[in-house]
Amino acid sequence: MTFTKSVDQITILYGDRSKLKDLLRLRLTECGWSDQVRLLCRETIKEQGTLNCEQIVQNVTPKARSLVPDTVKKELLQKIKTILIKQEGIDL
C-alpha cells in the first residue's frame, strides 16, 4: 500500500478527510484560486469552442494545479502530518 493510500484511509477512518477538504476549499477561495480557475475554464471554452466537462477538466487541471499557492499546500501538509501523529503515532 502506498503512503498516499495510507493517509487517505487514515483520514477517512477518523473523519478528518471532510475537515481537510473543507479547509482546502476555504483556503483556495480565500486566495482567489477558485476565481482564477473559473476564468481558465471560460478562456478554454472561448479558445476551443464547445467542449464537454471532461475535456474542460483535462485542459484546465495542469494549470489549475500549478496555481495552488505554496502556503496552502504547506498548511494542508502540516494538518495531515498533525493528524497522522495524533491518530497513528507516525513520526514524520
Side-chain angles (χ1 to χ4, degrees):
M1 181 181 302
T2 66
F3 182 72
T4 304
K5 287 186 180 185
S6 296
V7 169
D8 217 23
Q9 286 182 346
I10 291 168
T11 57
I12 291 169
L13 180 64
Y14 291 104
D16 293 316
R17 184 182 177 98
S18 63
K19 293 176 190 174
L20 290 170
K21 287 173 71 173
D22 291 343
L23 174 65
L24 179 60
R25 190 175 296 116
L26 176 67
R27 293 297 184 255
L28 292 175
T29 300
E30 287 175 347
C31 73
W33 179 87
S34 300
D35 295 330
Q36 290 177 315
V37 172
R38 191 175 299 112
L39 289 173
L40 279 173
C41 291
R42 288 181 182 167
E43 289 172 8
T44 300
I45 292 168
K46 282 182 184 177
E47 290 173 3
Q48 298 187 15
T50 305
L51 300 171
N52 64 34
C53 186
E54 185 177 320
Q55 291 169 320
I56 295 168
V57 169
Q58 286 177 347
N59 284 308
V60 172
T61 297
K63 179 68 175 169
R65 284 186 177 163
S66 70
L67 292 173
V68 175
D70 287 340
T71 55
V72 173
K73 293 176 187 177
K74 287 177 184 176
E75 181 181 4
L76 195 64
L77 181 59
Q78 187 58 46
K79 293 283 184 184
I80 292 169
K81 285 180 181 180
T82 302
I83 290 168
L84 290 175
I85 290 168
K86 182 176 79 174
Q87 300 296 340
E88 294 294 321
I90 297 171
D91 188 19
L92 302 174

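The basis for the numbers below is simple: all heavy atoms, side chains too, and nothing from hydrogens, waters or symmetry mates.
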Over all atoms of both residues, closest heavy-atom pair of Ala64 and Val37: CB-CG2, 3.7 Å
Suppose the criterion is side-chain hydrogen bond (donor to acceptor under 3.5 Å, both in side chains): which pairs have a residue in residues 38-52, not counting sequence neighbours? Asp35-Arg38, Gln48-Asn59
Is the shortest side-chain N to carboxylate O distance from Lys19 to Asp22 below 4.0 Å? no
Residues two or more places apart in sequence or in another chain: which of them pass side chain to side chain contact (heavy atoms under 4.5 Å, CB included) with Leu67? Trp33, Gln36, Leu40, Lys63
Mind checking the CD1-CD1 spacing from Ile45 to Ile56? Nearest 0.5 Å is all I need. 3.5 Å
Would you mind listing every side-chain hydrogen bond (donor to acceptor under 3.5 Å, both in side chains) that reaches into residues 65-76, with sequence neighbours excluded? Arg27-Glu75
Nearest 0.5 Å please: distance from the NZ atom of Lys79 over to the CG atom of Leu24. 12.5 Å
Sequence neighbours excluded, which residues qualify as side chain to side chain contact (heavy atoms under 4.5 Å, CB included) partners of Ser34? Leu28, Thr29
